[in-house]
Amino acid sequence: MSLRNPYKPSEWINRNKQINFMFEGEAFTAFEGDTISSALWAANQKVLGRSFKYHRPRGVLSLANHDVNILMTDGVDTNIRADVVEVKEGMKLYAVNTKGGVKKDKNRIIDFISPFLPVGFYYKAFHKPRWLFPFWENVIRKAAGLGVVNFNYPRILKRKLHTHCDLLVVGAGPAGLTAAYTAATAGLQVILVDENRCAGGSLSYDRGGDSITAEHLTTLLQKVNSLPNINLITGAYAAGYYPDHLIPIVGAAGITKVRAKAVIVATGAFEQPPVFRYNDLPGVMLGSAAQRLIYRYGVKPCNNGIVFTANNYGYRVALDLLDAGTSVSAIVDLRSGAQGGAYGDLCAVEIAKRNVKIYAGYCIYEALATSDRSRVSGAIICAYDDKNNVALADNKFTLDCDGIAMSAGWAPAAALLYQAGTQMQFDYSVQQFVPNRLPAGVFAAGKVNGVYELDQRMKDGERAANDVLNYLGKASVKINVQKSNVEKHGGTSPSHAYPMVPHPKGKNFVDFDEDIQIKDFENAAKEGFDNIELMKRFTTVGMGPSQGKHSNMSAIRILAKIRGLPVEKIGTTTSRPFFHPTPMGHLGGRGFHPHRLTSLHDWHAANGAVFTDIGAWKRAAYYLQSGQTKEEAIQTEAWAVRNAAGIIDGSSLGKIEVHGSEAAEFLERFFTGKYAQQKVGTWRYTLLLDEAGVVIDDGVASRMSDDLFYLSIGTTNAAAVYREMQRCQQMWQLDIGLVNVTGALGAINLAGPAAQKILAGLTDCDLSPAPFPLGHVRETLVANIPSKIIRASFVSDMAYELHSPMDQVPHVWAALLKAGKQHGIRAFGSDTQRLLRLEMGHAMPGVDTDGLTNPFEMGADWAVKMDKPYFIGQRSLAIINKRPVNKQLVAFTLDANFKGEMPLECNLVIDGDNINGRVTSIGFSQTIGQTIGLAYVKPYQKAVGTTFQIRTDNGSLVSATVVDTPFFKKQKEA
Amino acid sequence: MQALSITDVSELMRYGVKGPQAANWLAKHEVVIPAKPNAWVLNKNAIVMRLGISEFLIEDQKGGETCSKLAADTLRVAGVYKAPRVDASYMLAGSEVHNLLSEICTLDLSESALQENDVIMTQVAGISATVLRQNINNEMVYRLWCDGTYGVYMKHILLEIGAEIDAMETKS
Amino acid sequence: MKLLTCPVNGTRPLSEFIFGGEYRPAPDQNTCTDAEWAAYVHNRQGAPGDKKEWWYHSPSGTWFIAERNTLTDKVARTYLLADANKLAEDSK
């Protein structure tokens, strides 16, 4: 039997387009625009899912994106929210978290043993013995899980966009629509966002039996659509609030980060279920859910309903039910004072005319289920003492029904306000937390602001818009719309202070996500978890997928009652993004992974280079020839450098020019060495410390002229060192200029016994050692390209570093390869370079030092000129100098015949029970014929010839012997 | 108008100079410079950008007069520091250009926010870049520069997003 | 994401900036005691309140000072150190 009603102009479905889909193996039809839940409900399918813990059957609760017991999978996606996701042609849907289908879920047995599973049961029962926990964890996770992760999920790049506006209005209900229209009329660029498929909020479903709200909606939408400076986005939710009004809006296609100058939060309120026994049966739903079914989807919630209310709203719902052709056998009103439609509510008067029986001061004591427990079949009703919160069950009676609509009150959808840092206070006139102090630029309007009457909500939207105009200084005249213009809520509260019906047998659910009952809170409090944050974690209330949207307020009320405190003393739990669960694919989006390439990158790639990431750069680590291992490739390249010649692309080196009359002075302050007397055409070592005297970086300073130094800096630290130079210049204000030429210039290091011969054919510069010894720099043409030649000895004593314009480097490289061919020249990579520099005995900052190493420990005493007036770290070194050195970097070799487990970098140097230091660099050198390395040891171990012990990963001790550097002694030229 | 066009113009000629005397030095070479920081002007056919207070980047046609003239002056002068430029340079245009920009840049680059002669140094696709808006033959064109060593990366990202936008365009 | 205003380049998201630590003028290293120097290098005042901080606008390479309240995370003003020093100099 179909529950579909005849056409109504308000509805969101397109009756001309029928959709076919499958649910749990059965065929169903729907109309375009139906959600999965509305389509199934229309077909009288009421068990839509199973609860998370007890596997109880569940149906429609809110139809507002927190029906989290109704999660589906279509085989690809999981945890599809059936209450809001539109059904599509050909969908094959199954409820998640069932064993054998939603109707006969085998895990429903858990519901029957639930008395033995109190809150905290899992925490207590399964942690001993510890070795059994993995077993229990597996069982529990399978029974209590949600959807199954699809590991074959296609990778779809979701876009992350940025957009800007004057005003972002969140929520397109009466307050939001009015606010957006008012602000846009004054000229603001407005984005209005609503998570529903269509704008309107409660105007699209809350009728109370007449057409006023529908007329308001038509008028407001016409106004909003008439203004080009309102961008109305529906079907997307504001997912969180981040500082300075950055709000990500999550839609199906991706995330748009909105940066607004001001924000109006008009997010409304969540209807809250009253708590009574079996309030979770399919057919028991929120009043607003019933209205949504009726007006958005043309579906009758039931044929014969009961309204259980604790406010005036329930009477509106009753009228809407009657309009939908549902008979209402009773209105059960928790409030004793509501006799005969008290409180002057017009709907109540109307209800009385329709001969609906009103039980004021009564409660639903218990909902009754059909024999298969699949849906509600009636309700046990009795009088209720709302002063003492007692159900007077002596005179109970039963009414038949196939549906119960619940209206007991609201909780503000204030997540964004909380995240923005709003201070909330409890307003007893509406029994709700409302904003007390809002952060600058953030405004609230409508139900979330504690305003409930429709005309007042629209007025509040206008008031908020005017507040925004004042805030942005855009109001032509200072508009003096005070909050007081919006009437303070009068009459009966829209929310009941304590809509809970106790029942000795429980199953009166507070949190549907996690199947938490009133007694669970009482037990938690007894165990001592009587603070809201502790109670949340112990009971897991609000920790399910709806994040407490329908349960947190009840939890606060229950705790307040248990502790005998007013609600505002209990406080609320912290609200964090995201407002709704957001797919990981959206969060991941397109990743930006910037990387820098040298002008030789293509050559490297074509010649078998294996790349490694160094800083932002892709560098060739080594070149793999066919059939070679990495180790063989490195040894082959190193052999070429020691016996013929090698070239490496060093273009990623940091390169900085220091110009100006005080350039030498700048260097003297910045580095530990002396540069004032440095001769033009030479280079000197640079060592940079921080203020604590810790080694940061080293490099080379070439003096190109009196007022120009050219600095080479290690690849990894280049950006940070340049940044630090800029900062020092801000403080020192010397007559200098810094030019970062890292990307503009490339560098090639040519090394090996044949280096001089190879280079000689490409330049007119006299390369013979007498005029051009180590430590010197020349500017000349190399292969007709203007270049600097730096005779540095990082990897070899016979080496030339060639610095040329980046785009010309491939030309120089090719010329070197051609000229070096007859000498056996070979390209080598950065891994090989590390071995070669180790053979030379060079310690590298960051590799052979850590965040505490001072230059004395590193053995760089010679580079530190304490007799200068100032350098960074000098004062700290003066203090350090007064104390004995605590550790010392030494060079070591392993026995030539060593065959055991190879020590690794970071393995510890052990003496008896003491850790004396660690290995910082280690590698096998074919040239030396031994494993060589650098390690920190205690000063008593530093003398050449001392042996010390290294503990390998498997725990064995390996003897190492301290030796002199360089490992690789000076070579005769070939 | 095309939906989106992405043109690599890294081949154009560029000249960089900075320092406290750079503005005077350019003036001496009769190059018109922007009066305020982070702005640009046209000097003949060359774009003269003032990056911050005392740095200038000039982009010219290949063999263009402005850059050639400056490059010919190799004399070092106190307070004038030549900053050799190897930039990757792009022109972005079309009706969907803001769609592209909104994914790679967090800033508001719409016409109302980015003034006609503004130069913006910001992050684009995660790296430092310089952006301005230029009117070429009545078409609004966004210009984008980044360090040349990031050029391959930047081009890859632009084309990847461009292809997606193109696909969306075709579908709709 | 928070916004920060570079005195040269204007207001930008925090992702364009690098934090450079608190701005604290060093004691005179020639006259201070070892203890004073060690305190300057190693000790930080962690109590929340108004702090002067170094910030670096990465795309333009601009260092500047931001006066920020570390409790409220509100930035009162930002300026170039050189400008502030010059101002202090002029007012002497």
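Order of the sequence lines fixes the chain letters, A, B, ..., with proteins taken first and strands second; residue numbering starts at 1 for each chain.
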>> Side chains of A/D707 and A/S661 only: does a donor on one sit below 3.5 Å from an acceptor on the other?
In response: no
> Side chain, backbone, both or neither: which part of A/R590 has a heavy atom under 4.5 Å from chain B?
Replying inline: side chain
> Is the A/H803-A/Y710 ring centre distance short of 6.0 angstrom?
Replying inline: yes
>> So which residue, B/S110, B/P84, B/S54, ends up with the most heavy-atom pairs under 4.5 Å with chain A?
In response: B/P84
>> Which atoms of B/D108 are under 4.5 Å from chain A, going by heavy atoms: the side chain, the backbone, both sets, or neither?
In response: both
>> Can you give me the closest heavy-atom contact between B/G52 and B/N38, atom names plus distance?
In response: N-OD1, 3.0 Å
> Between B/A78 and chain A, which part of the residue has a heavy atom less than 4.5 Å away: side chain, backbone, both or neither?
Replying inline: neither
> Counting N and O atoms only, with roles assigned by atom type, does the side chain of B/N43 sit under 3.5 Å from a partner on the main chain of B/V48, one being a donor and the other an acceptor?
Replying inline: no
>> Using every non-hydrogen atom in the two residues, find where A/H245 and A/Y241 come nearest and quote the distance to one decimal.
In response: ND1-OH, 2.7 Å
> With a 4.5 angstrom heavy-atom cut-off, which part of B/L109 approaches chain A: side chain, backbone, both or neither?
Replying inline: neither
>> Just so I understand: if I count every heavy-atom pair under 4.5 Å between each of B/G16, B/G19, B/C105, B/A83 and chain A, which residue has the most?
In response: B/C105
>> So that I can tick it off, tell me whether A/R596 and B/D147 are bridged by a salt bridge, with the cut-off set at under 4.0 angstrom between side-chain N and carboxylate O.
In response: yes
> Is there a donor in the side chain of A/H604 and an acceptor in the side chain of A/R619, or the other way round, less than 3.5 Å apart?
Replying inline: no
>> Counting only non-hydrogen atoms closer than 4.5 Å, does A/S599 touch chain B with its backbone (N, CA, C, O), its side chain (CB onward), both, or neither?
In response: neither
> If you count heavy-atom pairs under 4.5 Å between each of A/S705, A/S652, A/P594, A/S651 and chain B, which one has the most?
Replying inline: A/P594
> Heavy-atom distance under 4.5 Å to chain B: side chain of A/H593, backbone, both or neither?
Replying inline: backbone
> Under a 4.5 Å heavy-atom cut-off, does chain A meet the side chain of B/N99, its backbone, both or neither?
Replying inline: both
> Below 6.0 angstrom between ring centroids: does that apply to A/H601 and A/F611?
Replying inline: yes
> Relative to chain A, which segment of B/E55 carries a heavy atom at a distance below 4.5 Å: side chain, backbone, both, or neither?
Replying inline: neither
> Most heavy-atom pairs under 4.5 angstrom with chain B, which of A/L708, A/T256, A/L157, A/L246?
Replying inline: A/L708
> Where on A/Q189 is there a heavy atom nearer than 4.5 Å to chain B: the side chain, the backbone, both, or neither?
Replying inline: neither
> Under 3.5 Å, is there a donor-acceptor pair linking the side chains of B/D73 and B/H29?
Replying inline: yes
> With a 4.5 angstrom heavy-atom cut-off, which part of A/N740 approaches chain B: side chain, backbone, both or neither?
Replying inline: neither
> Which bit of A/I736 is near chain B, if near means a heavy-atom gap under 4.5 Å: side chain, backbone, both or neither?
Replying inline: backbone
> Which one of B/E164, B/M154, B/H98, B/K82 has the most heavy-atom pairs closer than 4.5 Å to chain A?
Replying inline: B/E164
> B/E59 pairs by side-chain hydrogen bond (donor to acceptor under 3.5 Å, both in side chains) with which of B/Y15, B/W145, B/W40?
Replying inline: B/W145
>> Under a 4.0 Å threshold between the charged nitrogen and the carboxylate oxygen, would B/K62 count as salt-bridged to B/E11?
In response: yes
>> Given heavy-atom pairs under 4.5 angstrom as the criterion, report whether the side chain, backbone, both or neither of B/L101 touches chain A.
In response: neither
